[in-house]
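Because the structure is predicted, anything quoted here is derived from the model rather than measured. Throughout, residue positions are numbered sequentially from 1 according to the sequence presented. Every number for a ligand or one of its atoms is a count from 1 in the order of the listing.
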Amino acid sequence: MWRSRALLAALASLSLALGAAGSAQAGVGLPPVVSHVPTGEKVVFITIDDGWNHDPEAARILLEKRVPATLFLLPGATSYDTAYFTALTGKTGPGRATVENHTVSHPDLTTLDAAGKDAEVCGAREQLAATFGREPKLLRPPYMALNDDVRLAAKACGVKAVVTWTHDFTTWGGTPATPTLKAGDIVLLHFTPTLAADLQRALDAAKAAGLKPAPLMPHLRAAGLV
Ligand SMILES: [Zn+2]
């Protein structure tokens with residue numbers, strides 16, 4: 001009996017604490033969803049998704065310019081050519097990239113039950129940690145498909161923030177118009193055959209705006225988001 005009373009007391013104080021933190025605010029305690037990082041520094045964030053195409057020219061640019069990119073990789077897209085990616089990360093190679101979570105099989109996470117979400121997000125975390133020597137802390141949900149259940153599942157898999165993007169520089173059919181980048185913007189690229197050209201356009205746009213590519217995690221921390 002004392003156990004259920006203690007539980008009730010704990011729940012009561014929890015709801016008080018939540019109330020004090022921001023009454024009835026949706027998503028309290030869940031990882032934030034970030035499409036732009038508030039910062040006073042002249043930085044921009046280069047993120048590259050999936051991992052299906054392994055273009056040597058794109059890797060050469062990332063390594064030569066020491067771009068601290070954030071790579072949201074699918075374990076299946078890296079497993080048949082792991083060396084391409086291990087070279088890009090500071091943990092396992094000479095590069096400055098960091099590997100983060102993009103699920104195991106790129107589903108719309110909102111359509112899966114709790115066990116399915118867990119298998120996709122925790123499964124990718126385990127596989128990427130085994131390959132790259134570091135547990136991912138950020139999740140990019142495929143198709144930007146997102147709700148509070150996805151954020152809850154992500155939190156249970158160690159995700160500190162859900163990261164979307166400000167501008168997509170990927171050439172999907174036609175080359176997109178190049179936007180004027182602002183400090184804190186998150187640029188989306190993909191490991192496609194046009195990555196080298198898309199990356200170069202993003203780096204040129206950053207330079208034109210007086211911005212430097214920066215690693216995401218330290219700036220999320222500085223902004224108080226993680
Ligand atoms: Zn993707």
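With hydrogens and angles ignored, the 3.5 Å screen pairs no side-chain donor or acceptor of Thr103 with any backbone N or O of Val121. A donor-acceptor contact shorter than 3.5 Å is absent between the side chain of Arg151 and the backbone of Leu146.
Cation-pi geometry between Arg140 and Phe72 is met: the NZ or CZ atom falls under 6.0 Å from the ring centre, inside 45° of the normal.
Contact check for Leu109 versus Leu139: side-chain heavy atoms found under the 4.5 Å cut-off.
Using a 4.0 Å cut-off between a side-chain N of Lys or Arg and a carboxylate O of Asp or Glu, Arg201 and Asp204 do not qualify as a salt bridge. In this structure, Glu57 pairs ionically with Arg60, as a charged nitrogen and a carboxylate oxygen lie closer than 4.0 Å.
Protein atoms of type N/O/S that fall under 2.8 Å from the Zn ion (ligand 1) number 3 in this view.
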